[in-house]
Amino acid sequence: MTAAAAVEVRDLHKSFGDLEVLKGIDLRIAAGEVVCVIGPSGSGKSTLLRCVNLLEEPTAGQVLVGGVELTDPEIDIDAVRRGIGMVFQQFNLFPHLTVTENLTLPQRRVLRRSKAEAGEVAASGLRRVGLVDKAEAYPAQLSGGQQQRVAIARALAMAPRVMLFDEPTSALDPELVGEVLGVMRGLADEGMTMVVVTHEMSFAREVADRVVFMDDGVVVEDGPPAQVVAAPRHDRTRAFLSRLLDPAAGPASGDAAVKAAGPAEHGAAP
Amino acid sequence: MSTASAPRRRLSRRQRARVSRGLQYAVLLLAVVIFAVAADWDRIGEAFFDTEVIGELFPQILTTALKNTVIYTVCAFAFGLVLGLVLALMRLSPVLPYRVLATVYIEFFRGVPALLVLIAFGYGIPVALNTEVPGGIVGTITVALGLVAAAYMAETMRAGIQAVPRGQMEAARSLGMSHTRAMVSIVIPQAFRIILPPLTNELILLTKDSSLVYLLGVTLPTRELAKFGRDALNQYVSMTPILIAGLCYLIITVPLGILVRRLEARQAAAR
């Protein structure tokens with residue numbers, strides 16, 4: 001574990017005004033590792049992810065990606081971000097550009113690639129996510145699942161070393177979730193370093209090398225999915241998973257673990 | 001019907017509405033008839049639509065007057081658009097002095113009459129500082145009307161930029177674009193789509209405000225529509241030139257109005 005981690009987070013704190021969302025996070029992610037971050041809403045998992053490419057400015061602590069410290073005020077953040085792809089819950093495709101232009105514009109403006117080269121990269125990216133026939137469509141003409149696949153292709157076109165996924169399937173109709181997870185699974189198989197904030201437990205169980213459970217701004221449990229998802233050691237993890245797997249049961253199911261999680265839940269609510 | 005059993009019963013709501021509408025049409029018809037009978041049609045025709053005078057107006061009303069109106073409007077609009085964008089970005093800047101400066105500017109130029117600004121640049125500044133705005137009449141009206149238009153357009157553009165979802169900027173930045181690059185390539189193009197209808201309205205207003213140029217003492221080749229019409233009114237002692245000049249404004253503003261409605265309809269459909 002002494003080799004430079006792909007992503008390293010050291011004692012990360014983040015506050016919004018008086019509200020402390022991250023209360024000291026330490027995390028090391030090795031190159032090629034797929035890490036799923038799970039936890040209740042308000043637990044700080046999205047904020048953690050957004051701190052990793054500095055969309056949120058950490059209040060304290062350090063973030064290193066590929067050995068480069070992002071939190072160093074002297075760093076050229078635009079240059080570092082080129083190596084970090086990000087996929088958003090709301091896709092955030094550029095609606096005034098076609099699918100191909102969504103993929104080529106960042107390559108041309110940021111990486112200064114030629115029109116021909118950017119076009120080739122875009123075409124192979126669309127082939128990979130199975131949307132070659134939508135190359136000239138506008139985002140509004142695509143389904144949510146297709147838009148998210150384009151968003152993944154757009155991030156990959158920049159040849160990032162790390163990919164961050166912020167609840168990539170949470171805004172999708174249930175029948176469209178599979179196509180996006182399929183693309184992500186392929187990416188994981190190719191050895192991409194991935195940090196995925198998700199509620200998709202099957203994906204976490206089957207694809208992740210490690211699952212991190214966060215609650216109330218801290219990492220509660222961190223380990224292989226067989227442990228964190230299948231046999232959680234902490235009450236809070238167990239309570240969260242039981243609620244996720246059986247939402248109808250609700251918090252008053254009489255389960256001891258659920259009762260233990262009660263106060264933490266209230267603390268996490270903004 | 002119920003009228004048989006209660007003869008003095010009041011009219012139903014629908015019947016009352018019908019009677020009321022009938023009365024309105026009758027009054028309108030009467031007014032038209034009285035006007036048609038009482039009016040001296042020969043005199044009116046001569047005053048408003050004197051074909052001889054119309055013949056005299058053309059082609060200068062198009063080749064000089066309409067052309068100059070378009071030139072003044074387009075120049076002032078272009079100047080206002082660029083300055084307005086700068087002001088909008090200043091208003092959104094995290095730098096406090098920029099925000100203050102832009103706010104003061106906008107409040108000032110939105111509050112004072114365009115007429116006063118034009119007088120200031122046409123006469124006040126030349127007299128006080130002994131310098132003139134370069135570019136003569138075109139330069140003066142461009143600067144004066146552009147400064148006022150910029151104040152309005154700045155507010156429109158600020159609203160447009162703020163209407164672009166935050167996620168667009170975040171996505172652009174996460175792809176490695178600088179803030180400026182993201183603004184230029186991603187946010188501003190989308191903002192302009194949103195504000196195209198209000199901007200077109202601003203262009204219509206400017207078209208009419210360009211008539212204020214008469215204050216600067218325009219010469220024959222620099223006359224625009226309103227001044228041209230007024231000169232012709234004195235020359236021919238006829239209402240006709242004013243009417244024709246007015247219609248020439250409509251040549252510009254009506255298509256723009258149709259364009260605005262089209263754009264709005266297209267945006268409504270895109271949502």
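Here is how names work: the chains are called A, B, and so on, in the same order as the sequence lines, proteins then strands, and each is numbered from 1. Being a predicted model, the structure only gives us computed values, none of them experimental.
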key: Contacts of residues 52-60 of chain A with chain B (heavy atom under 4.5 Å)   = A/Asn53, A/Leu55
key: Heavy atoms from other residues, nucleotides or ligands near OH of B/Tyr98 exceed 12 (cutoff 6.0 Å)   = no
note = Bottom line for B/Arg173: the part with an atom under 4.5 Å from chain A's heavy atoms is both
task = Mind jotting down which residue pairs meet the salt bridge (charged side-chain N to carboxylate O under 4.0 Å, His left out) criterion with at least one end in residues 61-89 of chain B? Sequence neighbours excluded, please.
result = none
inquiry  = Which atoms of B/Ala172 are under 4.5 Å from chain A, going by heavy atoms: the side chain, the backbone, both sets, or neither?
reply    = both
task = Take atom CZ of B/Arg166 as the centre, draw a 6.0 Å sphere, and report whether it contains more than 12 heavy atoms from other residues, nucleotides or ligands.
result = no
query = Within residues 71-89 of chain A, which positions have a heavy-atom distance to chain B below 4.5 Å?
reply = A/Ile77, A/Asp78, A/Arg81, A/Arg82, A/Ile84, A/Met86, A/Phe88
query = With only heavy atoms counted, which part of A/Leu93 is less than 4.5 Å from chain B, the side chain, the backbone, both or neither?
reply = backbone
query = Of all the residues in residues 148-171 of chain A, which have a heavy atom that comes within less than 4.5 Å of a heavy atom in chain B?
reply = A/Arg154, A/Ala155, A/Met158
query = To the nearest 0.5 Å, what is the distance between NE2 (A/His96) and OG (B/Ser185)?
reply = 7.5 Å
More than 12 heavy atoms from other groups under 6.0 Å of CZ on B/Arg262 = no
ask   = How many angstroms lie between atom CD1 of B/Ile186 and atom CG of A/Asn92, to the nearest 0.5 angstrom?
value = 11.0 Å
